Amino acid sequence: MQEKYAPADIEQAAQQHWNETAAFRAVEDASKPKYYCLSMFPYPSGKLHMGHVRNYTIGDVLTRYHRMRGFNVLQPMGWDAFGLPAENAAMANAVPPAKWTYDNIAYMKKQLQSLGFAIDWERELATCKPDYYKWNQWLFLRMLEKGLAYQKTGVVNWDPVDRTVLANEQVIDGRGWRTGAVVEKREIPMYYLAITKYAEALLASLDTLPGWPERVKTMQANWIGKSYGVRFAFPYELDGKQEKLWVFTTRADTIMGVTFCAVAAEHPLAARAARDNPALAAFVEECKRGSVMEADMATMEKKGMPTGIFVRHPLTDERIEVWVGNYVLMGYGEGAVMAVPAHDERDFHFAKKYALPIRQVIDIPGKPFSLDAWQEWYADKENGRCVNSGKYDGLGLAAAVDAIAADLKAKGLGDKQVTWRLRDWGISRQRYWGCPIPLIHCERCGTVPVPDSQLPVVLPEDCVPDGSGNPLARRSDFLDCACPKCGAKARRETDTMDTFVDSSWYYSRYASAGNDKAMVDERVKYWLPVDQYIGGIEHAILHLLYSRFWTKVMRDLGLVAFDEPFSRLLTQGMVLNEIFFRKPASGRISYFNPADVELKFDDKGNRTGAVLKSDGQPVESGGIGTMSKSKNNGVDPQALIEQYGADTARFFMMFASPPEQTLEWSDSGVEGSYRFLKRLWSFAAAVREAVMAAPAVPAKPDSALAAVRRDIHLNLKQANYDFGKFQFNTVASAAMKMLNALERAPKEAAECPALLREGLSILLRLLSPITPHICHHLWCELGYGGDILQAPWPEPIEEALAQDEIELVLQVNGKLRGAIKVPATAAKEQVEKLALASEAARKYMEGNPAKKVVVVPGRLVNIVV
RNA sequence: GCCGGGAUGGCGGAAUCGGUAGACGCAGUGGACUCAAAAUCCACCGCUGGCAACAGUGUGGGGGUUCGACUCCCCCUCCCGGCACCA
């Protein structure tokens, strides 16, 4: 056996062994429990980043752990290969997005393989390939047939210079990222999927997912946003006609406090009022400019303008003026709201700004109402009672809403209604590098679906976008086609699908790999649903919600039998690193990669500063942030693997923090992980001969050995518990503690080699999911026999854990004052007696009698005096 | 702004049901080995006071419940993720 740990050699050898034995090929086998472990597939951006390494290491640890626990495991991998960055790269380098994407896939696949992941590569897929996206198109057509896909207009960011639609991230401070032109909102026809038809189902079945983090379920429930309220109308007369202004509110109990109404700029009433009011028309235009993003809408200054149109209060007949408000969303509810400034914070500020009346109609006894400043309790739903509300005075929220809804209903002006925050899913993208939407536009027949027999509609792979519009619109070989209905000359739809479509069902395709006759086949019945899904917390809402929706549609089409695609979900935190920069007095901030920065410490280890290695001059720290190109704080996994090996990279990733939390990069932490693996290797080399000659289990170890053995089994017990919680950082700690214990075992004791043999076999198996290469080698070298992949998972032995005497903490008045030793079987009374008799107790009780003695079995004794 | 999450030594983090705060690792300090350095090994290591024994204090800040609070309750601050065309 080699003396020195040489990761490059042993990792290559182990990977070759796994390849040759097809160790990770997954085959359906009804006799074994299955475990489908899936990590979110990567976007092939060029090379792996640390977030990928973290994600896939977590998945691999779970995969290998379950294998050893006897499960038939599937861990596939593929590529989320359509998307915007390929078009950006095409513009920058004049390379077709297809070539760029396929090159990236080839490189990143090599990187993944060098990390030793237990992936079944035979099931690999890429969403940009026609044999995959054909089924996007096929299912879209099924949705069209069922009325789940439809066309309506939607608002997009329009760059007037490039004459193109921009993604939200391409809009910077209201301007196009390339042209700098002020972006306009523009309404264009788009295709939508009716996810709102599944709102109730998507909300209800969250309760069937105990394996999902509560926070993700809460976020999804809030996103779907079911709210119970009242939809009602303010009647008015305009242009000689009787009309109704409909609004929705969850606070109908405050209806007597309405002092004005507000409508969105896109509301018909706003357009009507603007017709003969140039100032208002200008304001409406102003509202229509600007961002389409909700975050911007919510943080911008709230502005409004009166329309001069009055409506009547449905219960009091009072005249109420209608305003146009830039904060009212046309897409939510009715595009109009009632305003109750006394009990809605936004309305309150709006009313103060424009000197509109504020009328208190909710009261909490003892709390004075004042118009000076908004107070939280004005919107209190629990304790408020109606006042100044006539017959409703004294009612609480629920009773008032009931009574008011009934009265509105009796007048034919409204009723209770449930509304949802969730909006239908707009899937049209005016972009080239995506899945073509399978529709044909015919002058005579209108929009005609592409017949199934003509699928897939293949995307040409040689286009090079230039940033001005969709290149498909200039490709006659793509555009021109015959109408499937009448045979006349027709034109293909050039919009492509949102890439969230691609990722909404790929997990099912892995289980149907290679089938060109059907979207999914019977193998899905064996593998699905996914037992463990792992991915970034940033996908907590959109990707997961769309996948859940898509699954329910497939279920209703009879394609799959499950309701929910992911039984258990682990949302991993982001990978962070420190940001270093200089900001010259004039000019732009420049960022420096942490690898090029040297940290300065005082002799107590406190940070005193940081300098750039190249010039020795100080740089400023911008704190810790997500690894990103813009902040130049990324660490290239390739360099890490080349310097230390895959096992060190994997170990550090698991050790540095628990999977759900953010992970802070640390070069010295990597060093420490490497040091541990080196120590493990040299220890194994040093004791190898003794261990190989020893029996598998120590006979009767003496007390020093028994303590070491207890330590090993105690750490194993803890580690197994932690595995169940996905807390791999403490599993790694437990492995380190085991090695510490084994190194300190008294080597002269007769049973020591047997203890080491047992201990190392536990340690190697425990560690093998995290650092599979080194464990594979040492398992062979130490002669345990067979492949460690087939070895059973270790379990602690009760006998090794047993103790005669235990130590309890002694507290006096809750303060730690010492410890006492008691027999492991001692009863409460006996422990109490021993505690009171102890020297520490007598000293700190200072002669006072004990008022109370609290005994926590196996833990502590607290004497209260 | 709204929704969700987080904050523990110089740093990453541990503490399973409310029961020894700081496991394990990093950094640092002292020592061994070495001509020297690296590597490795041993010891110390929350903060304040003290030569020490020890005492006080300490889990973002403020209050509360409890024999006992990192953990439960109320209020506040800061940081991170998402907000529907980044993936």
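Protein chains get the first letters and strands the later ones, always in sequence-line order, with residue 1 at the start of each. As the structure is a prediction and not an experimental result, all values here were calculated from the model. Just so it is clear, the values below take in all heavy atoms, side chains as well, and ignore hydrogens, waters and symmetry mates.
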Visitor: From CZ of F651(A) over to C1' of G12(B), roughly how many Å is that when rounded to an integer?
Guide: 13 Å

Visitor: Using the P atom as the point on both nucleotides, what is the distance between G63(B) and A15(B), in whole Å?
Guide: 29 Å

Visitor: For N862(A), report the nucleic acid contact type (base, sugar-phosphate, nothing); a contact means any heavy atom under 4.0 Å.
Guide: base

Visitor: For a quick test of reading the model: is some side-chain N or O of R675(A) closer than 4.0 Å to OP1 or OP2 of C26(B)?
Guide: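 Yes, such a contact exists.
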
Visitor: According to a strict under-4.0 Å criterion, is T626(A) in side-chain N/O contact with OP1 or OP2 of G81(B)?
Guide: yes

Visitor: Go through C86(B), G4(B), G13(B) for me and flag the one nearest to the S657(A) side chain.
Guide: G13(B)

Visitor: Establish, with yes or no, whether the OP1 or OP2 oxygen of G25(B) is under 4.0 angstrom from a side-chain nitrogen or oxygen of N740(A).
Guide: yes

Visitor: So which of L202(A), T196(A), I224(A) actually passes side-chain contact (heavy atoms from CB on, under 4.5 Å) with W420(A)?
Guide: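 Filter result, single survivor: I224(A).
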
Visitor: Any strand is fair game: report the nucleotide pairing with U57(B) by Watson-Crick or G-U wobble, both distances under 3.5 Å, or none.
Guide: G46(B)

Visitor: Is it true that the side chains of Y721(A) and Q727(A) contain a donor and an acceptor less than 3.5 Å apart?
Guide: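 Side-chain D/A pair, Y721(A) to Q727(A): absent.
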
Visitor: Does any donor-acceptor pair link the side chain of E671(A) with the base of C26(B) at a separation under 3.5 Å?
Guide: no

Visitor: When the distance from CD of E214(A) to C1' of G6(B) is rounded to whole Å, what number comes out?
Guide: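 Those two atoms, CD and C1', are 17 Å apart.
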
Visitor: Hey, does F500(A) reach any base, or is it just sugar-phosphate, or nothing, if we go heavy atoms under 4.0 Å?
Guide: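 Contact class for F500(A): base.
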
Visitor: Whom does A7(B) pair with, Watson-Crick or G-U wobble, provided both distances fall under 3.5 Å?
Guide: U77(B)

Visitor: If U40(B) has a Watson-Crick or G-U wobble mate with both distances under 3.5 Å, name it; if not, just say none.
Guide: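 Result: A32(B).
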
Visitor: Base, sugar-phosphate, or nothing: which does Y844(A) touch, judged by heavy atoms less than 4.0 Å apart?
Guide: sugar-phosphate

Visitor: Quick one: which of C85(B), G82(B), G1(B) gets closest to the side chain of D498(A)?
Guide: C85(B)

Visitor: Counting only side-chain heavy atoms from C-beta out, which of U57(B), C85(B), A55(B) sits nearest to R817(A)?
Guide: A55(B)

Visitor: If I pick the C1' atom on U8(B) and the same atom on C24(B), what distance separates them, to the nearest angstrom?
Guide: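 Roughly 15 Å separates the two C1' atoms.
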
Visitor: Do the side chain of N157(A) and the main chain of V165(A) share a donor and acceptor less than 3.5 angstrom apart?
Guide: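 Not confirmed, N157(A) side chain does not pair with V165(A) backbone.
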
Visitor: What contact category does K725(A) fall into here, base, sugar-phosphate, or nothing, at under 4.0 angstrom with non-hydrogen atoms?
Guide: sugar-phosphate

Visitor: Searching all strands shown, indicate the nucleotide that pairs with G1(B) (Watson-Crick or G-U wobble; both distances under 3.5 Å).
Guide: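 Matched G1(B) with C83(B) under the 3.5 Å cut-off.
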
Visitor: When the distance from CG of D711(A) to C1' of A23(B) is rounded to whole Å, what number comes out?
Guide: 12 Å

Visitor: When you check the side-chain N and O atoms of S682(A) and E3(A), is any donor under 3.5 Å from an acceptor?
Guide: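 Not at all, the side chains of S682(A) and E3(A) share no donor-acceptor pair under 3.5 Å.
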
Visitor: Which nucleotide in the set U20(B), A84(B), A14(B) lies at the smallest distance from any side-chain heavy atom of V809(A)?
Guide: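 Between U20(B), A84(B), A14(B), the one nearest the side chain of V809(A) would be U20(B).
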
Visitor: If you measure only the distance, is there a donor-acceptor pair under 3.5 Å linking the side chains of S468(A) and R178(A)?
Guide: no

Visitor: Regarding D344(A) and R251(A), does a basic nitrogen lie under 4.0 Å from an acidic carboxylate oxygen?
Guide: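 The answer is no: the pair does not qualify as a salt bridge.
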
Visitor: Looking at C85(B), I'd like to know if its phosphate oxygens (OP1 or OP2) sit under 4.0 Å from a side-chain N or O belonging to R429(A).
Guide: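 Checking R429(A) against C85(B): at least one side-chain N or O falls below 4.0 Å of OP1 or OP2.
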
Visitor: Please determine whether a side-chain nitrogen or oxygen atom of Q727(A) lies at a distance below 4.0 Å from atom OP1 or OP2 of A15(B).
Guide: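 Indeed, a polar side-chain atom of Q727(A) lies that close.
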
Visitor: Measure from the side-chain heavy atoms of R679(A) and tell me the nearest of G81(B), C24(B), C41(B).
Guide: C41(B)

Visitor: For the pair made of CG in L739(A) and P in U40(B), what is the distance, rounded to whole Å?
Guide: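 Taking CG of L739(A) and P of U40(B), I get 13 Å after rounding.
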
Visitor: Can you tell me which nucleotide in G1(B), G5(B), C24(B) comes closest to the side chain of F655(A)?
Guide: C24(B)

Visitor: How would you label the contact of Y721(A) with the nucleic acid (heavy atoms, under 4.0 Å): base, sugar-phosphate, or nothing?
Guide: base

Visitor: Going by the glycosidic torsion and a 90 degree boundary from 0, is the base of G9(B) oriented syn or anti?
Guide: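 Syn conformation here, the glycosidic angle of G9(B) being no more than 90° from 0.
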
Visitor: Heavy atoms only, 4.0 Å cut-off, all strands: where does L808(A) land among base, sugar-phosphate and nothing?
Guide: nothing

Visitor: Does T127(A) reach the side chain of N136(A), with side-chain heavy atoms less than 4.5 Å apart?
Guide: no

Visitor: With a non-hydrogen cut-off below 4.0 angstrom, is W223(A) in contact with a base, only sugar-phosphate, or nothing?
Guide: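 Here W223(A) touches the bases of the nucleic acid.
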
Visitor: Considering every strand and a 4.0 Å limit on heavy-atom distances, what is the contact class for V156(A): base, sugar-phosphate, or nothing?
Guide: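 Base, at least one base atom sits under 4.0 Å.
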
Visitor: Specify the separation, in whole Å, of atom CG of L836(A) and atom P of C67(B).
Guide: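 Interatomic distance, CG of L836(A) to P of C67(B): 18 Å.
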
Visitor: Students often get this wrong, so: under 4.0 angstrom with heavy atoms, is R346(A) touching a base, only sugar-phosphate, or nothing?
Guide: nothing

Visitor: F549(A) pairs by ring pair (Phe, Tyr, Trp, His ring centres under 6.0 Å) with which of W505(A), F500(A), Y198(A)?
Guide: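 Among W505(A), F500(A), Y198(A), the one meeting ring pair (Phe, Tyr, Trp, His ring centres under 6.0 Å) with F549(A) is Y198(A).
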
Visitor: Pick base, sugar-phosphate or nothing for M497(A), based on heavy-atom distances below 4.0 Å to the nucleic acid.
Guide: nothing

Visitor: Hey, does L860(A) reach any base, or is it just sugar-phosphate, or nothing, if we go heavy atoms under 4.0 Å?
Guide: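 Base contact.
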
Visitor: Does A27(B) pair with anything, Watson-Crick or G-U wobble, both distances under 3.5 Å, and if so, with which nucleotide?
Guide: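 Matched A27(B) with nothing under the 3.5 Å cut-off.
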
Visitor: Just to confirm, is there a sub-4.0 Å distance from OP1 or OP2 of A87(B) to any side-chain nitrogen or oxygen of T499(A)?
Guide: yes

Visitor: Using a cut-off of 4.0 Å on non-hydrogen atoms, how would the nucleic acid contact of P658(A) be classed: base, sugar-phosphate, or nothing?
Guide: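 Answer is sugar-phosphate: P658(A) comes under 4.0 Å of backbone atoms only.
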
Visitor: Hey, is C26(B) sitting syn or anti, using the within-90° cutoff around 0?
Guide: anti

Visitor: Determine: side-chain N/O of K815(A) to OP1/OP2 of U57(B), distance under 4.0 Å, yes or no.
Guide: yes

Visitor: For a quick check of understanding: with a heavy-atom distance under 4.0 Å over all strands, which category does T299(A) fall into, base, sugar-phosphate or nothing?
Guide: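 Answer is base: heavy atoms of T299(A) come under 4.0 Å of a base.
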
Visitor: Of all the nucleotides listed (A84(B), G25(B), G1(B)), which has the minimum atom distance to the side chain of A295(A)?
Guide: G1(B)

Visitor: Taking atom types as they are modelled, is there a donor-acceptor pair under 3.5 Å from the base of G13(B) to the side chain of Q661(A)?
Guide: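 Under the 3.5 Å cut-off, the side chain and the base do not form any donor-acceptor pair.
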
Visitor: Quote, to the nearest angstrom, the C1' distance that separates G13(B) from G1(B).
Guide: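 Pairwise C1' distance, G13(B) against G1(B), rounds to 34 Å.
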
Visitor: G19(B), G1(B), U40(B): which one has an atom nearest the side-chain heavy atoms of V854(A)?
Guide: G19(B)

Visitor: Just call it for V853(A): base, sugar-phosphate, or nothing, with non-hydrogen atoms closer than 4.0 Å on any strand.
Guide: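 Since no nucleic acid heavy atom lies under 4.0 Å of V853(A), the category is nothing.
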
Visitor: Are the side chain of D502(A) and the backbone of F82(A) linked by a donor-acceptor contact shorter than 3.5 Å?
Guide: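 No, because the side chain of D502(A) does not come within donor-acceptor range (under 3.5 Å) of the backbone of F82(A).
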
Visitor: When you measure from the side chain of E538(A), which nucleotide among A15(B), G81(B), A55(B) comes out closest?
Guide: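 Minimum distance to the E538(A) side chain belongs to G81(B).
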
Visitor: Can you tell me if the side-chain N/O atoms of N729(A) get under 4.0 Å from OP1 or OP2 in A14(B)?
Guide: yes

Visitor: Could you give the distance from CG (D159(A)) to CH2 (W177(A)), rounded to the nearest 0.5 Å?
Guide: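 Result: 11.0 Å between the selected atoms.
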
Visitor: Output the rounded distance in Å from CE (M190(A)) to P (A84(B)).
Guide: 12 Å

Visitor: For the side chain of S668(A), counting heavy atoms from C-beta on, which of G1(B), G25(B), C26(B) is nearest?
Guide: C26(B)

